[in-house]
Colleague: 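My questions all concern the structure below.
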Amino acid sequence: MAHRWAMVIDLDRCTGCETCMAACHAENNIATVDAKQAARGRAMHWIHVERYWEGEFPNVRARFQPVLCQQCDAAPCEPVCPTYAAYHNEDGLNAQVYNRCIGTRYCANACPYTARYFNWWNPVWDKPLQLQLNPDVSVREAGIMEKCTFCNQRIVATEIQAKAENREVQDGEVKPACVQSCPTTAMVFGDLDDPNSQVSRLARSMRATTLLSELGTNPKVIYLERESSHGND
Amino acid sequence: MNAIYGLFPDTNSARRALAALREESSRLRIKPGAIVLMSSEPLEEEGFGWEKQRTYMPWLTPLGALLGGAAGYALAAFTQRVYPLPTGGMPLIAMYPSGIIMYELTMFGAIFTTIVTLLISARLPFYGKRLYDPEVTNGKILVGVADPDRECSGEIGQHLQSEGAEQVREFSSE
Amino acid sequence: MNNAQNEKTPGSSEGKEKTSADRFHRDWLVVSIAVVGLAVAATMWVSAARGMLEGQDSSPAAGAPAVSTPEQVPAVFTTARRSFFSAVQEYFGVQGTPVQPVQFNHSIHIKNGLQCAGCHSGVTQGPDAGIPSVSFCMACHQAIATDKPEIKKLTVYAVKGREPPWQPVFWFYPEVHVRFRHAPHIRNGIACEQCHGDLSKETVAVRSKELTMNFCLTCHKANAVSVDCVTCHY
Amino acid sequence: MATTSIAPEYAIDIKPDQIRQDLLRPIFQTSRRFYVLVFFLVAIGLPGIFLYANQMSEGMGVAGITRPIFWGIYIANFVFWIGISHAGTLISAILRLVNATWRRPVTRCAEAITVFALAIGAQYPIIHLGRSWLFFWLMPYPSERGIWPNFRSPLCWDFFAISTYLTGSTAFLLLPIIPDWAVVRDRASGFRKRIYTILALGWRGTPREWHRLEVAMRIMAVAILPVAISVHTIVSWDFAMAPVPMWHSTVFGPYFVAGAIFSGIAALIVAMGILRKALHLEEYLKPSHFSNLGKLLLVMSLLWVYFIFAERLTVWYGNQPAEMAAFWSIQRGRFAGLFWTMVSCNFLIPFPILAIKKLRTITGTMIASSTVVVGMWLERFLIVVPPLEHKYLPYEWGTYHPSVTEIGIAIGTLCGMILLYVLFAKLVPIISIWELKGGQHKKPFAEQALSAASRSGVHLDSTLPSTNS
């Protein structure tokens with residue numbers, strides 16, 4: 001049973017707490033870099049929260065937008081990869097296969113969201129911090145491109161579990177780390193092919209929009225615009 | 001193989017020698033195709049047999065190109081079918097990219113065929129011992145007869161000498 | 001670039017000129033090799049020094065002043081290969097032959113009616129089949145075959161309360177990024193020997209089958225299971 | 001058969017013996033300057049190899065590239081060198097096809113630039129890989145995984161285009177060298193003789209060999225032209241196929257091809273100028289050759305200005321926010337200095353020099369070409385870097401500074417290119433001996449070869465036609 005995994009992020013609910021970032025780092029074994037490298041733009045956050053200021057000082061208001069790989073249906077990163085490391089799978093995931101990646105970084109250039117992260121160095125953890133690494137996710141080494149996978153390991157685990165119990169995957173059963181950890185439930189994950197899933201219902205909202213929609217990438221991360229940006233603030 | 005040949009300083013004397021040998025070929029029992037000519041530059045003037053040269057190369061090259069193009073299509077189509085990835089309703093064998101691969105392999109086929117045809121039809125490379133004189137690359141023109149009839153070789157040598165050969169030499173591969 | 005020097009040198013006899021030119025060439029050769037060697041050494045030194053610095057910098061504790069002395073540099077876990085040699089080994093997929101602390105005899109256990117999942121109990125539940133702890137072994141071996149030398153070795157471990165350092169037989173290099181799960185395979189009726197060979201004919205387990213990607217794909221295709229990359233690689 | 005007369009300014013009035021002596025001198029005599037040069041090239045270039053090895057062992061972090069500028073001067077160098085490689089084969093093929101008799105002393109040194117620049121340029125896509133040791137995954141070969149390269153990727157097209165071009169241009173260079181190697185073979189002794197005997201393939205100079213060689217060269221001249229065009233078009237598509245502001249442009253194909261020929265001619269003039277002095281080829285490479293190539297350079301300079309104007313004007317009129325960010329950073333921002341240096345180097349300086357006949361001397365064209373080479377490198381840099389610094393989302397913008405590793409490798413490959421060229425000039429007569437001699441008194445070969453072939457019957461089996469004509 002094919003799915004079309006998608007995420008809806010309600011910007012009205014996002015408080016910019018960055019719990020999703022922390023959860024993502026913990027779940028996906030994302031390498032940390034030192035301050036110097038981070039200042040050079042080499043920090044890796046599969047999801048990161050962007051902050052905007054609205055209004056003129058002193059009447060300003062902070063706005064937040066979590067940005068992750070948009071899992072485009074027409075992803076610019078996929079056709080440019082010479083080794084099929086970036087490709088589309090049948091569940092609509094814009095997948096990245098680490099072992100196929102030879103590090104041309106072409107996909108990262110092609111990605112208009114700059115949502116792809118490159119391992120400039122071999123990642124390092126002080127012992128015994130390596131014991132907290134998630135065994136369900138591989139640790140990527142230097143020279144490999146990585147990005148948000150919609151927590152593919154959780155999708156696979158849930159599908160295996162559902163199959164073992166001889167049933168379909170339920171709506172809301174798969175929860176990526178960011179969705180699971182979001183204290184305001186601003187993020188919802190689910191199957192867009194299922195018209196009754198929460199994601200599908202929210203995606204039909206009047207507030208639904210996508211990032212850089214003019215580029216025709218057809219993302220599967222759908223943002224619900226703030227009510228306030230329609231003048232209700 | 002044995003041979004007798006003369007080294008000529010210029011094209012005129014070489015041409016005269018060639019003409020003489022051809023004229024007398026039956027009397028001197030020169031076998032067809034046994035007259036040998038070597039030069040340090042292409043002799044395209046009349047009288048050197050250039051006008052009789054003919055090669056299939058201009059036909060083989062397009063053939064190689066066609067084969068290359070077909071190989072390009074086969075490669076692009078075959079490899080896509082081996083591991084079919086989801087294309088979202090688009091054709092599995094993408095037309096324009098395959099066209100580019102086909103184009104490059106077409107040209108590759110043409111170039112490769114030309115090189116191979118050149119080497120085969122010019123009988124290169126050849127590292128064995130065969131009739132040659134280093135004086136050729138000094139600008140001398142070599143005109144000679146391969147495997148001359150034993151009785152006639154003296155006369156052939158005289159012919160070469162009389163047409164202006166600077167030197168008449170004999171060659172033996174033994 | 002490479003001519004006419006001879007024309008410029010003052011006229012002298014051919015032989016004399018040649019020897020001085022020869023000496024000149026030899027001198028240049030010596031100097032060239034020396035300087036090239038120096039350049040090599042300097043570059044390697046610089047890169048080594050830089051590499052050490054980077055190694056420190058990129059560890060999360062680099063900000064702390066204490067790490068500057070070598071003995072306090074924390075031991076780190078990294079994906080970098082230990083040496084050039086190990087990188088080459090991994091590149092060519094050389095896995096070597098594991099040497100086990102105790103020569104465990106699979107065939108005897110199977111002949112005595114034990115099932116694989118009896119000891120490798122994780123195999124039906126999770127990704128890893130698991131190796132039983134030494135206490136699990138001792139449940140039987142306190143009484144059975146206690147006089148055998150290998151069992152005596154095992155008993156030593158059990159008395160010390162330490163696990164024998166079992167070496168993995170079937171394993172993947174981290175670089176292949178495979179997340180293999182045993183449970184779904186067992187649930188779908190894949191027999192253990194399909195991947196691990198017939199253990200009833202082996203004493204100490206050996207890598208009787210090469211678990212290459214082609215090996216996996218052949219079976220997946222034959223059984224019409226997903227051959228999607230992210231089914232296994234993530 | 002009528003002989004075409006050669007305009008006096010191109011006529012090389014030297015006896016064949018003298019030609020051989022002049023052109024073979026570098027092969028048989030080795031000067032101190034040669035050793036000094038080779039030594040310095042190796043010494044300066046060698047650190048590049050170690051920096052590259054260090055990059056492989058440490059990770060790409062040693063390079064200056066960072067997010068979001070994932071491509072830096074590695075790719076700029078790649079495009080630059082592939083551009084330089086359009087010097088030879090393309091020019092030489094065009095000149096062969098139009099039977100320009102003045103081409104004869106020029107072709108080989110031009111074709112050598114092509115082969116070596118291509119060989120050097122083709123290293124860069126490998127150097128810039130995060131995992132260089134897996135570069136062969138770009139090539140199609142059957143593997144147990146059953147996965148082949150993605151033929152939709154422009155990088156895969158690059159592989160096909162560059163390998164075709166490299167094969168073609170190497171053959172284009174090597175085939176006419178065979179007779180010249182035979183000349184060296186007959187004069188050399190000892191070890192050298194053995195080497196050149198192998199290289200000469202047993203060439204004798206029979207009419208059959210000459211004829212096949214000339215037909216092959218004519219075919220190659222036709223075949224190599226579309227390949228050369230396609231190579232740089234495909235290199236431009238590396239950029240144009242990605243939706244990056246200022247990259248995603250239809251003009252890139254012809255723009256890159258024009259730029260490539262432009263930089264290629266410039267590199268050729270520089271190389272000719274140096275060869276002329278270093279190998280004392282004043283009698284062979286005459287001012288008229290430089291003047292002629294200078295005119296060609298002038299045309300390409302104008303074409304380049306036209307293309308850059310067309311490219312920038314459409315962006316400016318389009319006024320899309322994402323594109324304008326990159327546009328203004330080039331025109332007025334961080335890269336303005338580089339941009340105007342580039343315009344000066346590619347147009348403002350060379351244009352008057354090349355346009356005024358009195359200035360179009362050897363020195364003049366050398367100066368103009370040198371600035372063009374620099375300017376064209378800057379152009380490649382400005383194509384690669386500023387758009388990547390200014391992609392769609394402003395909070396993802398970044399800055400790029402090349403690192404020691406990148407610069408060291410760039411210098412290393414430059415030295416490698418010069419070294420290859422120096423060694424080539426040492427091992428091979430840099431001007432084709434037989435073509436030069438042939439060009440002195442005869443009709444250009446190609447026309448004759450073809451007309452001869454078309455007039456006569458098929459005759460493949462003898463070195464010379466039999467006598468019954």
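Hydrogens, waters and symmetry mates are skipped; everything else that's a heavy atom, side chains included, is used. First the proteins, then the strands, lettered A, B, ... as listed; each starts at 1.
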Colleague: For A:Y113, is it the side chain, the backbone, both or neither that has a heavy atom under 4.5 Å from a heavy atom of chain D?
Modeller: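 Both parts, backbone and side chain.
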Colleague: With only heavy atoms counted, which part of A:L212 is less than 4.5 Å from chain D, the side chain, the backbone, both or neither?
Modeller: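 For A:L212, the side chain is the part near chain D, not the backbone.
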Colleague: Above 12 or not: heavy atoms from other molecules or residues under 6.0 Å from CD of A:E56?
Modeller: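 Open: at most 12 neighbouring heavy atoms sit under 6.0 Å from CD of A:E56.
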Colleague: Before you tell me yes or no, could you show the steps for A:M145 and D:F70 under side chain to side chain contact (heavy atoms under 4.5 Å, CB included), namely the whole-Å CA-CA distance, both residues' side-chain angles and the distance that decides it to 0.1 Å?
Modeller: CA-CA 11 Å; A:M145 190 60 72; D:F70 287 97; 4.3 Å; yes
Colleague: Got a second to check how far A:R105's CZ is from D:M60's CE, nearest 0.5 Å?
Modeller: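 So the CZ of A:R105 and the CE of D:M60 are separated by 4.0 Å.
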Colleague: For D:D238, does its backbone N or O pair with a side-chain atom of A:Y106 as donor and acceptor, under 3.5 Å?
Modeller: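 Yes, the answer is positive, given that a donor and an acceptor are paired below the 3.5 Å cut-off.
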Colleague: Compare every heavy atom of A:P82 with every heavy atom of D:C156, then report the nearest pair and how far apart it is.
Modeller: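 Closest pair (atom of D:C156, atom of A:P82, distance): N-CB, 4.4 Å.
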Colleague: Top residue by heavy-atom pair count (under 4.5 Å) with chain D, among A:H48, A:E50, A:E78?
Modeller: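 Maximum pair count with chain D is reached by A:E50.
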Colleague: Supply the atom-to-atom distance D:L138 CG to A:T104 OG1, rounded to the nearest 0.5 angstrom.
Modeller: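 Here the interatomic distance stands at 7.5 Å.
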Colleague: Taking the side chain as every heavy atom from C-beta outward, state whether A:V67 and D:Y395 have any pair of such atoms under 4.5 Å apart.
Modeller: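 Answer yes - side chains close enough.
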Colleague: Is D:L129 close to chain A through its backbone or its side chain, or both, or neither, when contacts mean heavy atoms under 4.5 Å?
Modeller: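 When you check distances to chain A, atoms from both the backbone and side chain of D:L129 fall under 4.5 Å.
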Colleague: Can you name the nearest heavy-atom pair linking A:R42 to D:T66, along with the distance?
Modeller: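 Minimum heavy-atom separation between A:R42 and D:T66: CG-OG1, 3.4 Å.
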Colleague: Shorter than 4.5 Å, heavy atoms on both sides: which option in A:N119, A:V80, A:I102 has the most such pairs with chain D?
Modeller: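 The residue among A:N119, A:V80, A:I102 with the greatest pair count is A:I102.
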Colleague: Is there side-chain contact between D:L393 and A:T114, with heavy atoms separated by less than 4.5 Å?
Modeller: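 No; the side chains remain at least 4.5 Å from each other.
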Colleague: When you measure from the side chain of A:N122 to the backbone of D:G59, do you find a donor-acceptor pair of N or O atoms at a distance under 3.5 Å?
Modeller: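 Such a contact is absent between A:N122 side chain and D:G59 backbone.
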Colleague: Which atom names give the shortest non-hydrogen contact between A:A110 and D:P243, and what distance separates them?
Modeller: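 Answer, listing the atom of A:A110 first, then D:P243: O-CG, 3.4 Å.
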Colleague: Would you name the heavy atoms of A:N109 and D:V244 that are closest together and state the gap between them?
Modeller: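 Nearest pair, atom of A:N109 first, then D:V244: O-CG2, 3.1 Å.
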Colleague: Where does A:R116 contact chain D at under 4.5 Å (heavy atoms): side chain, backbone, both or neither?
Modeller: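 For A:R116, the contact with chain D is made by the backbone alone.
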Colleague: Any idea which heavy atoms bring D:G130 and A:F118 closest together, and the distance?
Modeller: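 Looking at all heavy atoms of both residues, the shortest contact is CA-CZ, 3.8 Å.
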Colleague: Could you have a look at A:C111, A:C81, A:P76 and say which one has the most heavy-atom pairs with chain D under 4.5 angstrom?
Modeller: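 Most heavy-atom pairs under 4.5 Å with chain D: A:C81.
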Colleague: If you draw a 6.0 Å radius around OH in D:Y141, do more than 12 non-hydrogen atoms from other residues or ligands fall strictly inside?
Modeller: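 More than 12 heavy atoms, drawn from other residues, nucleotides or ligands, come within 6.0 Å of this atom.
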Colleague: With a 4.5 angstrom heavy-atom cut-off, is it the side chain or the backbone of D:I65 that approaches chain A, or both, or neither?
Modeller: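 Both the backbone and the side chain of D:I65 come within 4.5 Å of chain A.
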Colleague: Please examine the side chains of D:R67 and A:Y117, heavy atoms only from C-beta on, and report whether any two atoms are closer than 4.5 Å.
Modeller: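 Counting from C-beta outward, A:Y117 and D:R67 do come under 4.5 Å.
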Colleague: Do D:V62 and A:W121 have side-chain heavy atoms sitting under 4.5 Å apart?
Modeller: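 Sidechains of A:W121 and D:V62: in contact.
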Colleague: Less than 4.5 Å to any heavy atom of chain A: does that hold for the side chain of D:F159, its backbone, both, or neither?
Modeller: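 Neither part.
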Colleague: Does any heavy atom of chain A fall under 4.5 Å from the side chain of D:A63, the backbone, both, or neither of them?
Modeller: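 Backbone of D:A63 only, per the 4.5 Å heavy-atom cut-off to chain A.
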Colleague: Assess whether a salt bridge exists between A:E141 and D:R131, defined as any Lys/Arg side-chain N lying under 4.0 Å from an Asp/Glu carboxylate O.
Modeller: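 Yes.
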Colleague: Could you pull out the closest heavy-atom pair between A:N99 and D:W137, with the gap in Å?
Modeller: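 Taking A:N99 first and D:W137 second, the nearest heavy atoms are O-CZ3, 3.0 Å.
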Colleague: Got a sec: does the CH2 of D:W133 have more than 12 other heavy atoms crowding it under 6.0 Å?
Modeller: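 Yes.
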Colleague: If I measure from the heavy atoms of chain A, does D:W397 come under 4.5 Å with its side chain, its backbone, both, or neither?
Modeller: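 Nothing of D:W397, per the 4.5 Å heavy-atom cut-off to chain A.
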